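These notes concern the structure reproduced below.
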Amino acid sequence: MKPYLQYLVILLDDTSVAYCHANNPLTEPKLIPLDTLRKAILFGMKQNLMIQFVYPNYELPVEYHKVIESIDHIKIGREVLVYDSVPQMAYTNNLVLRLTINEFITKQNDIASLLQQAKRINICLTDTENFQEEQMEEYKNALATLNAVLLNLYKQVKSPQLNILTDRMQLTEMHNCGAGISNITIAPNGKFYLCPAFYYDEQMGISNRMNHKTKDASRSVGDLDNGIDIPNKQLLQLDHAPLCRICDAYHCKRCIWLNQKMTWDNNTPSRQQCVLAHLERNAARDLQLALKEVGYLIKNEIKEITYLDPFDIKEEY
Ligand code: SF4
């Protein structure tokens, strides 16, 4: 992950689709004013950022299209489709499935059949915080089911991607979400947030647990008039994260919103996040070994490890 800003996420509406861990609790449409949208795009252009527009589930007024099309971008909620379930068909090559852990386990065969149709599936678990160690075996088994399907497709010289299994095979360093580091979000109110989840919290009056300057529920880190202002921004960085910097679950989202929610600290992950990421990392290793077995040339071999949470091995470092 490059330690500088590369992406600008623009929430076009309060009801724009949630595409990551946090659900969007906002139900009243509130479209970004056209003028704010223009300013946000100008900010992105000046900073040379790739823009990701996040769409609501309704058609935007026609005058918005021209402004949006004035710059290169990705459309989340349109080109990248986001589902809170597992659809029967992949209507796009790149989709996000937001599922609870139990939904992921029970729908593993449906996900397997989607893998035959899409180029990339991103699984995003929406209840990581509720993960119980008793679910570990079932989660591992579901990953093994998907590994078997991937192996079969790779043998047919197809190469679909499933973020939680195939990303780790390619990575040689951390490639996490990067909220507040490689990407920043602008909400319809023209303010910056580390990611959409912080905007949702503010709008729901969930009080400030960050090292912010205000005592209210404000979670913004600047605005379009005054620029980005992240207090103690070094605390978001990997080198200030004692557990993550010794970890090799490189594909892990390292979600700072989840960290705050679970440990009240931006850079300290919960055990749940780490154990799930390590089950995926180990399953990626199994897939890598199976591919090697059938003749694939493997670079970046994933090592065998004996822990599921770097907290358990910290004394060794
Ligand atoms: S698995 Fe845990 S320690 Fe490793 S990157 Fe993810 S949150 Fe950090």
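Nothing here was measured: the structure is a model prediction, and the numbers come from that model. Ligands are counted one by one from 1 in listed order, and the atoms in each one are counted from 1 as well.
At least one N/O/S atom of Cys274, from backbone or side chain, sits under 2.8 Å from atom 2 (Fe) of ligand 1. Among the atoms of Cys247, an N, O or S atom falls under 2.8 Å of atom 4 (Fe) of ligand 1. For Cys252, the nearest N, O or S atom to atom 6 (Fe) of ligand 1 falls under 2.8 Å.
Between Lys261 and Asp201 no salt bridge is recorded (no basic side-chain N to carboxylate O distance below 4.0 Å). Contact check on Glu69 versus Lys75 returns a salt bridge, with a Lys/Arg side-chain nitrogen under 4.0 Å from an Asp/Glu carboxylate oxygen.
Atoms of ligand 1 lying under 4.0 Å from any heavy atom of His278, numbered from 1 in the order shown and given with element: 1 (S). Close contacts of ligand 1 with Ala277, meaning ligand atoms under 4.0 Å from a residue heavy atom, involve 1 (S).
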**Request:** Let me see the working for Tyr250 and His175 under ring pair (Phe, Tyr, Trp, His ring centres under 6.0 Å), right down to the final yes or no.
**Result:** CA-CA 6 Å; Tyr250 298 145; His175 189 81; over 10 Å; no
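For Pro310, every heavy-atom contact with ligand 1 shorter than 4.0 Å involves the side chain, none the backbone. Of the heavy atoms in Met174, only side-chain atoms (C-beta onward) come closer than 4.0 Å to ligand 1.
From the protein, the heavy atom lying nearest to atom 8 (Fe) of ligand 1 is Cys244 SG, 2.3 Å. The protein non-hydrogen atom at the shortest distance from atom 7 (S) of ligand 1 is Pro269 CB, 3.3 Å.
Aromatic pair Phe198/Tyr193: centroids not less than 6.0 angstrom apart. Side-chain rings of Phe43 and Phe192 approach one another, their centers coming within less than 6.0 Å.
Between Leu146 and Phe104 there is a side-chain heavy-atom pair separated by less than 4.5 Å. By the 4.5 Å heavy-atom criterion applied to side chains, Asp13 and Val54 are not counted as neighbours.
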